[in-house]
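Labels below follow one simple rule: chain letters A, B, ... track the order of the sequence lines, proteins then strands, and each chain is numbered from 1. Please read all numbers here as calculations on a predicted model, not as lab measurements.
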Amino acid sequence: MLDKTFNPKDIEEKHYTDWEGSGAFAAHPESNKTPFTIMMPPPNVTGSLHMGHALTMTLQDVMTRYQRMNSKDALWMPGTDHAGIATQMVVERQLAEAGENRRDMGRDKFLEKVWQWKEESGGTIVRQLRRLGATPDWPRERFTMDEGLSQAVLKVFVDLYKDGLIYRDKRLVNWDPKFQTALSDIEVEHKEVKGKLWHVAYPLEDGSGSISIATTRPETILADGAIAVHPDDEKYKDLVGKCAVVPVCNRIIPIIADEYVQSEFGSGAVKITAAHDYNDFEVYLRHKDTTEIPLINLMTPDGHMNENCPPDYVGLDRFEARKKIVKDLDELEYLEKVEDHVHQVPYGDRSCVVIEPYLTDQWYVDAKTLAKPALEAVKTGKTEFVPKNWENTYFDWLENIQPWCISRQLWWGHQIPAWYDEEGKVYVAMTEEEAKAQAGADKTLTRDEDVLDTWFSSALWPFSTLGWPDKTPELSKYYPGDVLITGFDIIFFWVARMMMMGIHFMDGEVPFKKVYIHALVRDGKGQKMSKSKGNVIDPLDIIDQYGADALRFTLLAMAAQGRDVKMSEERVEGYRNFATKLWNAARYCEMNDCLPKEGFDPASVQAPLNQWIIQSVSETKTAIDKAMEAYRYNEAAGAIYQFIWGTFCDWYLEFTKPFLQSGDEALKEEIKGTTGWVLDQILLLLNPFMPYITEELFAQIAKREEGTRLLSSDWPDYSALSVGESAMDEISWLQRMISEIRSLRADLNVPAGANIDLLVLEASDQTKERLKQYEPALSQMARLASISTDGEAKKGAVKSIVDEATIVLPVADLIDLDKERARLAKQIEKLEKDIEAIDKKLGNEKFVANAPDEVVAEQKERKAEAQNIRDKLSAALEQIKAA
RNA sequence: GGGCGGUUAGCUCAGCGGUAGAGCACUUGCUCGACACGCAAGGGGUCACAAGUUCAAUCCUUGUACCGCCCACCA
């Protein structure tokens with residue numbers, strides 16, 4: 001006997017262990033089944049499960065389970081990402097706590113520490129995924145710094161270098177002074193900041209006056225190399241070619257003309273600080289051949305002023321230097337005015353410190369070239385985004401893509417396979433031996449210290465995890481993947497780069513055919529969850545409290561396309577209740593011997609009641625299939641929810657109760673068989689969504705062959721079942737009948753416990769027959785003492801209409817006549833309004849002429865029906881008035 | 001500045017050319033032997049605003065107003 005409530009805690013671990021042990025998560029490259037591949041976006045090794053993971057992994061797991069049940073050879077490829085900066089940060093923080101730091105320790109020793117940390121703590125998220133019920137092919141789990149994947153990274157680097165698609169360049173990069181590394185453009189977040197605009201006067205060298213400029217970063221004045229004005233600006237025409245004196249450091253700089261300058265902004269003159277500003281650098285490049293413009297770097301890598309500054313600035317923090325120069329400018333009377341100014345300031349997405357444009361040598365990928373086929377693939381539909389509007393975002397980014405800076409001044413990551421000889425000449429090769437062979441035996445080579453951007457290795461994930469560059473069976477079977485399921489926040493970081501790398505290295509073949517982009521999870525108020533806001537809902541807490549099934553179902557039900565998912569505990573509670581409901585339905589079935597029986601054939605059932613529920617199961621399955629096909633998880637979840645609760649529990653089980661108590665034996669047996677069968681189908685259909693409770697019930701309600709699990713069961717196929725319309729009509733009638741009586745009773749305050757008599761007038765033969773047949777169900781569900789079809793409505797009886805028949809409840813002594821009059825009047829009024837609206841339509845010649853015939857027919861039918869009911873209710877109202 | 005999305009019941013959101021839906025909340029009844037994490041019956045919406053297309057618009061088009069997010073170097 002099942003317990004009274006379902007306790008997820010008791011069974012989740014047991015089933016997961018059993019599932020994993022069964023080997024059912026495994027892909028089988030050797031099988032001849034159609035493959036279905038999902039690449040799991042590898043979470044950071046430093047990560048722990050948050051709601052975003054819970055959502056994306058649930059969607060992936062549901063898809064994987066669904067495809068697996070549909071006889072696909074499903075590969076859900078799991079793994080983790082080494083997460084360069086994030087991981088190095090974690091370990092450095094630990095070192096700091098122990099009073100150590102990585103530079104004292106040295107690179108090798110430090111890396112040893114990181115690996116040690118990875119072994120000890122890197123498995124957290126992977127363990128947590130198991131609690132969600134995720135079923136990827138664990139034995140294939142990869143790490144982006146695994147031997148094989150690292151080899152793939154080296155090969156990709158070397159090949160791209162040979163093709164001229166990777167190169168070294170000296171230009172401005174986004175420099176993170178906290179981590180002291182370069183960052184790519186997309187690792188920089190621009191935030192609106194309230195700053196100041198300082199207006200500063202630069203004296204002209206010839207003493208003939210001064211020229212005024214405005215700046216938001218006065219400390220960079222110390223590195224000024226020129227002043228620029230617009231070539232057409234009359235105001236400054238005569239100054240071009242002259243020189244000005246930089247305040248405070250007294251450097252003489254030229255005044256040049258460049259179209260970049262906007263005459264209307266500020267004073268119309270701009271200082272040019274080529275080593276610390278992207279635009280200024282561009283100006284510098286345009287003029288450096290004709291005008292000598294100093295290119296001065298005034299900062300150390302950790303954001304302090306260097307020796308290129310006046311002595312009293314050297315060593316100052318960049319923000320201190322800003323304060324000091326403002327003070328100095330003011331004292332020296334160069335500062336003309338200060339305005340408040342709102343502008344965008346770049347911050348490192350991990351370090352959260354202000355990023356400096358900084359002039360360094362870095363490695364770049366020629367993203368523009370790689371982007372072309374990646375764009376083409378989506379334009380031609382080889383890869384499709386769902387929902388489609390994300391393609392615009394993808395196009396927009398790739399069409400404007402800049403060179404991708406891939407070198408990072410970190411230690412944790414894939415070290416760049418480049419060596420330098422003493423003259424600084426570079427040799428790129430898979431190994432030091434090969435580099436030496438290139439350089440010649442007499443050269444001493446030093447390896448590039450830098451490592452690659454973490455996303456460089458993630459970009460290879462769809463093929464590096466399958467054994468590339470070897471031609472493995474996995475690679476040929478599971479590439480390209482069927483669908484990539486991920487959030488929009490990493491379309492640039494990851495999706496686009498996988499497209500570029502995949503197409504380039506896999507002979508033009510895209511890495512996945514579909515990209516399903518889901519929303520981000522927010523809190524109940526729609527705010528982004530973050531630790532600092534303290535509004536984080538921990539999925540593990542939710543699992544502890546409500547069970548993994550409830551969490552999964554909540555995420556699915558709210559995963560409608562193109563919207564944020566607002567997570568609130570009340571919703572989870574609701575779906576926990578749903579699990580309990582199912583549990584109790586199964587418990588009821590168990591108590592009534594309605595369990596799955598060997599040999600039951602749903603095609604053979606005779607009773608319309610049973611035919612109806614079987615047909616409903618089939619329709620539900622169709623709805624789920626349709627929804628899954630379109631990645632409409634919320635619709636799939638809604639369909640099965642509605643069927644279980646609204647159809648099976650609320651109607652079918654209630655219909656059949658009286659027949660099970662007293663009915664003829666054949667019918668009883670058929671009901672038992674049908675109920676058991678439906679319950680089994682429910683478990684199958686719900687399994688991908690709520691794997692734990694369904695697996696538990698599956699095991700409890702029937703003896704199965706040893707080792708049979710829902711996990712590895714087949715998705716049902718009802719194509720052989722066909723049920724006539726008549727059963728559906730008949731049960732629909734029964735539902736309407738019961739609803740109508742219940743509604744009347746409630747409206748008229750008939751005591752809930754009172755059994756009353758039902759009189760049905762003007763009943764057709766069919767209705768009479770049905771009343772007789774379903775008498776037990778009607779009596780019990782509508783609480784009737786008797787049902788008759790002939791007789792006369794007594795004075796004060798209440799009337800209503802179901803189809804052709806008038807139902808009469810002789811409850812005169814129980815009800816308030818005024819209330820009944822009001823009820824009838826209200827209904828009649830509503831019907832009149834409907835009829836009027838329909839008449840208006842039908843009276844419109846254009847409508848009749850243009851609307852499809854079936855729409856016109858439908859309107860006519862509705863009108864007739866409304867008129868029929870109205871007439872009968874009017875008669876009833878007259879009768880009461882007469883009484 | 002560009003792009004995308006949103007505005008539907010008290011709240012959170014589905015729906016998307018022909019009778020407005022769900023969950024929660026609310027009201028009123030219910031110890032009908034599965035379930036109060038429940039059952040039954042209800043109340044509640046000029047589908048942001050304006051114009052247009054159409055026989056017909058919550059749904060399509062255009063515009064307006066708010067609200068989000070993403071991208072963008074204006075000192």
Practice prompt. Scan A/Asn844 against the nucleic acid and name what it touches under 4.0 Å (heavy atoms): base, sugar-phosphate only, or nothing.
Written response: sugar-phosphate

Worksheet item: In whole Å, what is the span from the CG atom of A/Asn392 to the P atom of B/rC4?
Response: 6 Å

Practice prompt. Could you tell me whether the side chain of A/Phe493 reaches within less than 4.5 Å of the side chain of A/Arg497, counting heavy atoms only?
Written response: yes

Discussion item. Using modelled atom types and a 3.5 Å cut-off, is there a donor and acceptor pairing between side-chain atoms of A/Thr620 and backbone atoms of A/Ile640?
Written reply: no

Worksheet item: If we take the P atom in both B/rG18 and B/rC13, what is their distance in whole Å?
Response: 25 Å

Worksheet item: For the side chain of A/His343, counting heavy atoms from C-beta on, which of B/rC4, B/rC71, B/rA75 is nearest?
Response: B/rA75

Worksheet entry | Which residues share a ring pair (Phe, Tyr, Trp, His ring centres under 6.0 Å) with A/Trp175, sequence neighbours left out | A/Tyr358

Worksheet item: Is the backbone of A/Ile693 close enough, under 3.5 Å, to the side chain of A/Asp549 for a donor and an acceptor to pair up by distance?
Response: yes

Discussion item. Can you tell me which nucleotide in B/rA75, B/rA40, B/rC35 comes closest to the side chain of A/Arg742?
Written reply: B/rA40

List every contact pair, protein side and nucleotides 42-44 of chain B side both N or O, where the distance is under 3.5 Å.
| from | atom 1 | to | atom 2 | distance (Å) |
| --- | --- | --- | --- | --- |
| B/rG42 | OP1 | A/Ser743 | OG | 2.6 |

Discussion item. Give me the distance, rounded to whole Å, that separates B/rG10 from B/rG17 when you measure between the C1' atoms they each carry.
Written reply: 30 Å

Worksheet entry | C1' atoms of B/rC70 and B/rA51, separation to the nearest Å | 31 Å

Worksheet item: Within the modelled atom types, does a donor on one side and an acceptor on the other bring the side chain of A/Arg587 and the base of B/rC35 under 3.5 Å apart?
Response: no

Item to complete: Tell me the stems RNA chain B sits in, counting at least three consecutive Watson-Crick or G-U wobble pairs, each under 3.5 Å on both distances.
Response: B:1-7 with B:65-71, B:10-13 with B:21-24, B:26-30 with B:38-42, B:48-52 with B:60-64

Discussion item. Between B/rA48 and B/rA14, how far apart are the two P atoms, rounded to whole Å?
Written reply: 14 Å

Worksheet item: Of all residues at least two apart in sequence or in a different chain, which pass the side chain to side chain contact (heavy atoms under 4.5 Å, CB included) check with A/Lys833?
Response: none

Discussion item. Without decimals, in angstroms, what is the distance between A/Phe648 CZ and B/rC35 P?
Written reply: 15 Å

Worksheet item: Which sits closer to the 5' end of RNA chain B, A/Ser263 or A/Asn584, going by the nucleotide each is nearest to?
Response: A/Asn584

Worksheet entry | Side chains of A/Gln735 and A/Ser732, donor plus acceptor under 3.5 Å | no

Worksheet item: A/Phe281: what forms a ring pair (Phe, Tyr, Trp, His ring centres under 6.0 Å) with it, not counting sequence neighbours?
Response: A/Tyr284

Item to complete: Describe the nucleic acid contact of A/Cys649 in one word from base, sugar-phosphate, nothing, applying a heavy-atom distance below 4.0 Å.
Response: base

Practice prompt. Please determine if A/Glu832 and A/Arg870 form a salt bridge, counting it only when a charged side-chain N lies under 4.0 Å from a carboxylate O.
Written response: yes

Practice prompt. Identify which nucleotide among B/rA75, B/rC16, B/rA72 has an atom closest to any side-chain atom of A/Arg632, counting heavy atoms from C-beta outward.
Written response: B/rC16

Worksheet, complete the sentence: Between CG of A/Asn592 and C1' of B/rC35 the distance, given in whole Å, is 13 Å

Item to complete: Answer yes or no on whether A/Lys657 is positioned over the face of A/Tyr588, meaning its NZ or CZ is under 6.0 Å from the six-membered ring centre and within 45° of the axis.
Response: yes

Worksheet, complete the sentence: Nucleotide by nucleotide, nucleotides 18-33 of chain B touches protein heavy atoms under 4.0 Å in the pattern (B base, S sugar-phosphate only, - none) BB---------S--B-

Item to complete: Measure from the side chain of A/Gln344, starting at C-beta and using heavy atoms only, and say which of B/rC55, B/rC35, B/rC74 lies closest.
Response: B/rC74

Worksheet item: Is there a donor in the side chain of A/Asp258 and an acceptor in the side chain of A/His287, or the other way round, less than 3.5 Å apart?
Response: yes

Fill in: Pairing of A/Glu189 and A/Lys191 as salt bridge, 4.0 angstrom limit
no

Worksheet item: Just checking A/Val261: base, sugar-phosphate only, or nothing, at a heavy-atom cut-off of under 4.0 Å?
Response: base

Discussion item. Parallel, tilted or perpendicular: which one describes the rings of A/Trp645 and A/Phe578, with boundaries at 30° and 60°?
Written reply: parallel

Practice prompt. Scan A/Phe492 against the nucleic acid and name what it touches under 4.0 Å (heavy atoms): base, sugar-phosphate only, or nothing.
Written response: sugar-phosphate

Discussion item. Using atom P in both nucleotides, what's the gap between B/rC47 and B/rC59 to the nearest angstrom?
Written reply: 9 Å

Worksheet item: B/rU54 and B/rC66: how far apart are their C1' atoms, nearest whole angstrom?
Response: 30 Å

Practice prompt. Kindly indicate whether the side chain of A/Lys581 and the base of B/rC35 share any N or O donor-acceptor pair separated by less than 3.5 Å?
Written response: yes

Item to complete: Please state the C1' separation for the pair B/rG44 and B/rC49 - nearest whole angstrom.
Response: 23 Å

Discussion item. Donor-acceptor pair, distance only, cut-off 3.5 Å: does the side chain of A/Glu187 make one with the backbone of A/Ser184?
Written reply: yes

Worksheet item: Across the strands shown, which category fits A/Tyr278 at heavy-atom distances under 4.0 angstrom: base, sugar-phosphate, nothing?
Response: nothing

Worksheet entry | B/rA20 to B/rC16 separation - P atoms, rounded to the nearest Å | 16 Å

Worksheet item: For A/Glu740 and B/rA41, what is the distance between atoms CD and C1' respectively, to the nearest whole Å?
Response: 12 Å

Fill in: Residues A/Lys863, A/Asp839: salt bridge by 4.0 Å N-O rule
yes

Item to complete: Please report, rounded to the nearest Å, how far the C1' atom of B/rC39 is from the CG atom of A/Leu653.
Response: 13 Å

